[in-house]
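In what follows, chains are A, B, ... by sequence order, proteins preceding strands, each numbered from 1.
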Amino acid sequence: MSTVRTRFAPSPTGYLHIGGLRTALFSWLFARHNDGIFVLRIEDTDRSRLIEDALGDIIESLRWAGMDWDEGPDTGGPYGPYLQSERRALYSEYTDLLLEEGHAYRCFCSQERLRSMKEKNPGQGYDRRCRNLTAEEIQRHETCGDPFVVRLKIKEGETTEFTDEIRGIIKTNNELIDDFVLMKSDGFPTYHLANVVDDHLMKISHVIRGDEWISSTPKHVLLYETFGWSKPVFAHVPVILREGGGKLSKRHGATTVREFKKRGYLPDALVNFIALLGWSLDDKTEVFSVGELISSFDLARVNRAACVFSYEKLDWFNGMYIRMKDKEELYDLFLPYLVDAGLVPEDSCLHRDYLLRIIPLVRERVKHLSEVCDQVAFFFDEGYVTPGLEFLVQKKLTAADSARILELCSASLQDIERFEVEEIENALRGLVGTTGYKTGQVFMTIRVAVTGRPVSPGLFETMQVLGKKRVQKRLRTSLSVLKKGEQGDNV
RNA sequence: GGCGCUAUCGUCUAGUGGUUAGGACGGGAGAUUCUCAUUCUUCAAACCGGGGUUCGACUCCCCGUAGCGCUACCA
């Protein structure tokens, strides 16, 4: 049994898109599942669309997502180079072969002629004018040094077919296949030529790619056949659309892997989510570790229909993965965001213990890592915002009521020796009994005073972590706000 | 326009001729509770339309419709 070899072959024309990541993932999972080889190949044959740091981004994004490759531009391998721009001699060699055997021909038609032809007969394809040039005509063009492309001669009157692993047999009448370009006038190959030559030379066994390639596959099949090479297995995976249909676009949310990373998505959560876009194991399993994905992935269970990317569901996965992490892991994950927000200094060893006590309180409230800053800010004096009367004075209470609550609170906390959840809870619940206010009114007043906001983690836990001194200080601050308010007007 | 691919709750999907059409996200209601979140319980929600084939179609075939893709010297 021959080894499985798959590849991901992006073109460095932009940052890695989430759809590309999903295609890469399926390809990678399939290779790993079958103890095969996964190859990264860069298709940089369109020099006009190259983007400077795209290659670095692709590599970084794939690595971030947890994928690795056995052969690639950075790691090398027995079938390199893995950058198509460095394989030009190979493409010329194979083009010459086709030319010599009469399967291909030089086309000297100008871009203008091609354009006007298309205007006159839209969708007709190339009219094959250069297919049967005389030796003299060719000679003339050559001596003039006219630029040319190389086109494949499509065999007429036949049908080309191939079996798609997830869609079955797909047949195409050759009349509908253009004498497409193999070699561009700048000496670079087109995708069609380069991908076939490389997949063959690199011994790719399964071509797993987006389904926008279905209609070009007959061209590739024809190439394999005229070279006399055996074909790989083709598997075209469905596209990912945005909600409402259409392409995923920046307007509606993150689209590139680096954006997802920046917004605080965990790679495992993102990978779990996109694995389920077009693939499923059964009718219930939703959460997969990477290892479980590898062991259960199967091309036969890949869906045919396009699917819609749901940011809500991704958020659910992300929250769930965050909740599954322990506090040390979360500390490492949160730190860059906290440093970035200026909440903790770069070398935050000093804050480590404090943060490790805060993290369990906010863990189940964070859906994106980036949200941690907002959740955690009030634990730091710099992030505490002195609450205004509108928050401090609960419904159906006056400023005087609120002040009384805070005074009583402060007094009863003062007596506590061990400032811990149980003691704090006992003190505050006792306080509720003696004042006659409702539990919610009392606790909310204290919450706002101590955290500066109407929403926070559990009150007792929060107070314990803040510490007695800081709590008392904030109670006093809020009291003075209330006192001032009482004098200023009648609230 | 031509050619192709696709079609189950709003979304991701299970289902391969006979099911009360299942699960998840989201939504509704409720429980817990000091707010939010978590957690738990619960409800609503789908087979694109029309023809066949068959004793019987979500499932197979055909047509239509819709969405998407390709129709470049882009990938």
Asp164(A) has an atom CG; how far is it from atom C1' of G69(B), in whole Å?
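One finds 14 Å between C1' of G69(B) and CG of Asp164(A), rounded.
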In whole angstroms, the gap separating C1' of C5(B) from CD1 of Ile169(A) amounts to 15 Å
At 4.0 Å (heavy atoms only), tell me whether [X] reaches a base, stays on the sugar-phosphate, or touches nothing.
X         : answer
Pro457(A) : base
Val308(A) : sugar-phosphate
Gln111(A) : base
Arg49(A)  : base
Arg151(A) : sugar-phosphate
Arg363(A) : nothing
Arg301(A) : sugar-phosphate
Ser185(A) : base
Gly319(A) : nothing
Pro189(A) : sugar-phosphate
Thr45(A)  : sugar-phosphate
Ser456(A) : base
Phe180(A) : nothing
Asn303(A) : sugar-phosphate

If only side-chain N and O atoms of Arg115(A) are considered, is one of them under 4.0 Å from the OP1 or OP2 phosphate oxygen of C73(B)?
no
For a quick test of reading the model: is some side-chain N or O of Lys219(A) closer than 4.0 Å to OP1 or OP2 of C70(B)?
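No, Lys219(A) has no side-chain N/O under 4.0 Å of OP1/OP2 on C70(B).
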Should C48(B) form a Watson-Crick or G-U wobble pair with both distances under 3.5 Å, which nucleotide is its partner?
G64(B)
[X]/[Y] ion pair, N-O < 4.0 Å:
X         : Y         : result
Asp46(A)  : Arg49(A)  : yes
Asp164(A) : Arg304(A) : no
Lys468(A) : Glu423(A) : no
Asp179(A) : Arg128(A) : yes

For nucleotides [N] and [M], find the distance between their [atom1] atoms and express it as a whole number of Å.
N      : M      : atom1 : answer
A14(B) : C47(B) : C1'   : 13 Å
G49(B) : A37(B) : P     : 38 Å
C61(B) : G67(B) : P     : 24 Å
U71(B) : U59(B) : C1'   : 34 Å

Choosing from A75(B), A24(B), U35(B), which nucleotide comes nearest the side chain of Trp213(A)?
A75(B)
Are Arg22(A) and Phe26(A) in a cation-pi setup, meaning NZ or CZ lies under 6.0 angstrom from the ring centre and within 45 degrees of the ring axis?
yes
Does either side chain, that of Asn318(A) or that of His368(A), offer a donor lying less than 3.5 Å from an acceptor on the other one?
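Side chains of Asn318(A) and His368(A): no pair found under 3.5 Å.
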